[in-house]
Amino acid sequence: MNKKTDIIAHRGYRVVAPENTIPAFEAALAYQPDMLEMDIHRTKDGHLVVIHDEKVDRTTNGTGFVKDLTLAEIKSLDAGSYKQPIMQDVKIPTFTEFLTFLRDINFDQTLLLEIKTDHVSYPGIEQEILEMITSFRPKYHIIYQSFNLETLIRLRKLDAHVTIAALVFWASPKVYWLKIRGIFDYIHSDIRILKKKPKMFWWPNIHMRIWTVDSEEDMRRVFQAGLKGMITNQVALATRIREEIQGDRHGK
Ligand code: G3P
Ligand code: CA
């Protein structure tokens with residue numbers, strides 16, 4: 001029996017709550033997605049924080065790069081108002097706070113953890129993340145992902161057993177070569193590229209998850225092809241469409 005295509009909540013359920021914040025993760029979990037996706041950067045004083053952009057400008061009332069702000073400065077920011085005025089008290093979570101949240105709710109799905117080293121260099125961040133995870137002894141599964149192939153290589157050297165995915169716009173020969181060498185386990189590819197190569201939707205590619213799938217048309221295509229996973233902002237819509245297409249015919 002085939003397995004369902006995983007639904008992965010992108011930065012939580014960012015359509016209804018400020019992305020990468022605890023309310024967004026809570027909102028996503030109401031739909032029981034297979035995975036929560038989130039992003040990690042590091043502050044000037046060395047704290048790991050959960051935020052997507054290199055800068056705080058888009059999602060807070062502050063300005064500047066995360067790498068140039070202290071944790072106290074990050075914590076003083078309003079990370080909710082940009083989404084809804086009543087969410088003005090929402091803060092950027094630290095990685096520790098996020099992991100504590102998962103522990104407190106007995107999270108038992110998969111965490112898709114993106115290390116945001118594609119534009120800013122954070123020397124040693126891979127080891128810091130692994131050490132933090134180890135200190136929490138999570139019972140849930142974790143997949144580490146990054147656009148930065150050097151980060152993936154460093155992760156694999158640090159731990160031969162962690163699950164790793166390469167984030168790519170297009171799975172180039174170099175990407176497949178690194179995968180064959182065992183540097184990573186999965187490929188997470190941009191749907192915009194896949195749509196230009198429609199035959200790929202029909203290949204039995206058990207390693208491929210696709211981002212970011214938000215339209216009903218794209219969702220139907222991915223679910224009908226039975227790809228391994230779909231990273232989406234539209235968690236409720238994906239849940240409904242998967243039930244319709246894969247329903248009881250595909251067991252977990
Ligand atoms: O998980 C895939 C996706 O999150 C990668 O793009 O920019 O949203 O982190 P981005
Ligand atoms: Ca991400």
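Note that ligands are numbered from 1 as they come in the structure, with each ligand's atoms numbered from 1 the same way.
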(Q) Closer than 4.0 angstrom, basic N to acidic O: yes or no for Asp45 and Lys67? (A)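 Here Asp45 does not pair with Lys67 in a salt bridge, since their nearest N and O are not under 4.0 Å apart.
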Q: Determine, for Phe184 and Lys179, whether the Lys NZ or Arg CZ falls below 6.0 Å from the six-membered ring centre while staying within 45 degrees of the axis.
A: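 No - Lys179 does not lie over the ring of Phe184 by the 6.0 Å and 45° rule.
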Q.
Does the Lys NZ or Arg CZ of Arg181 fall within the cation-pi geometry relative to Trp177 - under 6.0 Å from the ring centre and within 45° of the axis?
A.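 Yes, Arg181 and Trp177 form such a contact.
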Q) For Glu37, which of His188, Arg11, Gln145 qualifies under side chain to side chain donor-acceptor pair (under 3.5 Å)? A)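 Answer after filtering His188, Arg11, Gln145: Gln145.
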Q) Rounded to 10°, how many degrees is the angle OD1/Asp39-the Ca ion (ligand 2)-OE1/Glu114? A)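 Reported to 10°, the angle equals 90°.
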What atoms of ligand 1 come within less than 4.0 Å of a heavy atom belonging to [X]?
{"X": "Arg11", "value": "7 (O), 8 (O), 10 (P)"}
{"X": "Glu114", "value": "4 (O), 5 (C), 9 (O)"}
{"X": "Phe147", "value": "5 (C), 6 (O)"}
{"X": "Ile231", "value": "1 (O), 2 (C)"}
{"X": "Lys116", "value": "7 (O), 9 (O), 10 (P)"}
{"X": "Asp39", "value": "9 (O)"}

**Q.** Contact partition for Ile8 relative to ligand 1, non-hydrogen atoms under 4.0 Å
**A.**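 The answer is neither.
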Q. Is Thr212 touching ligand 1 with its side chain, its backbone, both, or neither, if touching means heavy atoms under 4.0 Å apart?
A.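 The answer is neither.
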Q.
Would Glu37 count as a contact residue for ligand 1, given that I'm defining contact as a non-hydrogen atom of the residue lying under 4.0 Å from a ligand atom?
A.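 Contact present.
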Q) Once the angle between the rings of Phe25 and Phe101 is folded into 0 to 90°, is it parallel (under 30°), tilted (30 to 60°) or perpendicular (over 60°)? A)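 Tilted, since the angle between the ring planes falls between 30° and 60°.
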(Q) Less than 3.5 Å apart, any donor N or O on the side chain of His52 or Asn20 sitting next to an acceptor on the other? (A)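 His52 vs Asn20: no donor-acceptor pair found between side chains.
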Q) Are side-chain N/O atoms of Thr5 and Gln246 paired as donor and acceptor at under 3.5 Å? A)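 Yes - a donor-acceptor pair under 3.5 Å links their side chains.
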Which residue and heavy atom of the protein sit nearest [atom], plus the separation:
{"atom": "atom 3 (C) of ligand 1", "answer": "His10 NE2, 3.5 Å"}
{"atom": "atom 1 (O) of ligand 1", "answer": "Gln145 NE2, 3.0 Å"}
{"atom": "atom 7 (O) of ligand 1", "answer": "His52 NE2, 2.7 Å"}

Q: Please find the N/O/S atom of Glu37 nearest to the Ca ion (ligand 2) and write down its name.
A: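 Distance check against the Ca ion (ligand 2) picks out OE2 in Glu37.
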Q.
I'd like to know if the side chain of Asp78 reaches the main chain of Ser81, judged simply by a donor and an acceptor atom lying under 3.5 Å from each other, with no hydrogens or angles considered.
A.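 A pair under 3.5 Å: yes.
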Q: Would you check if Met38 and Leu112 make a side-chain contact, meaning some heavy-atom pair closer than 4.5 Å?
A: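 Counting from C-beta outward, Met38 and Leu112 never come under 4.5 Å.
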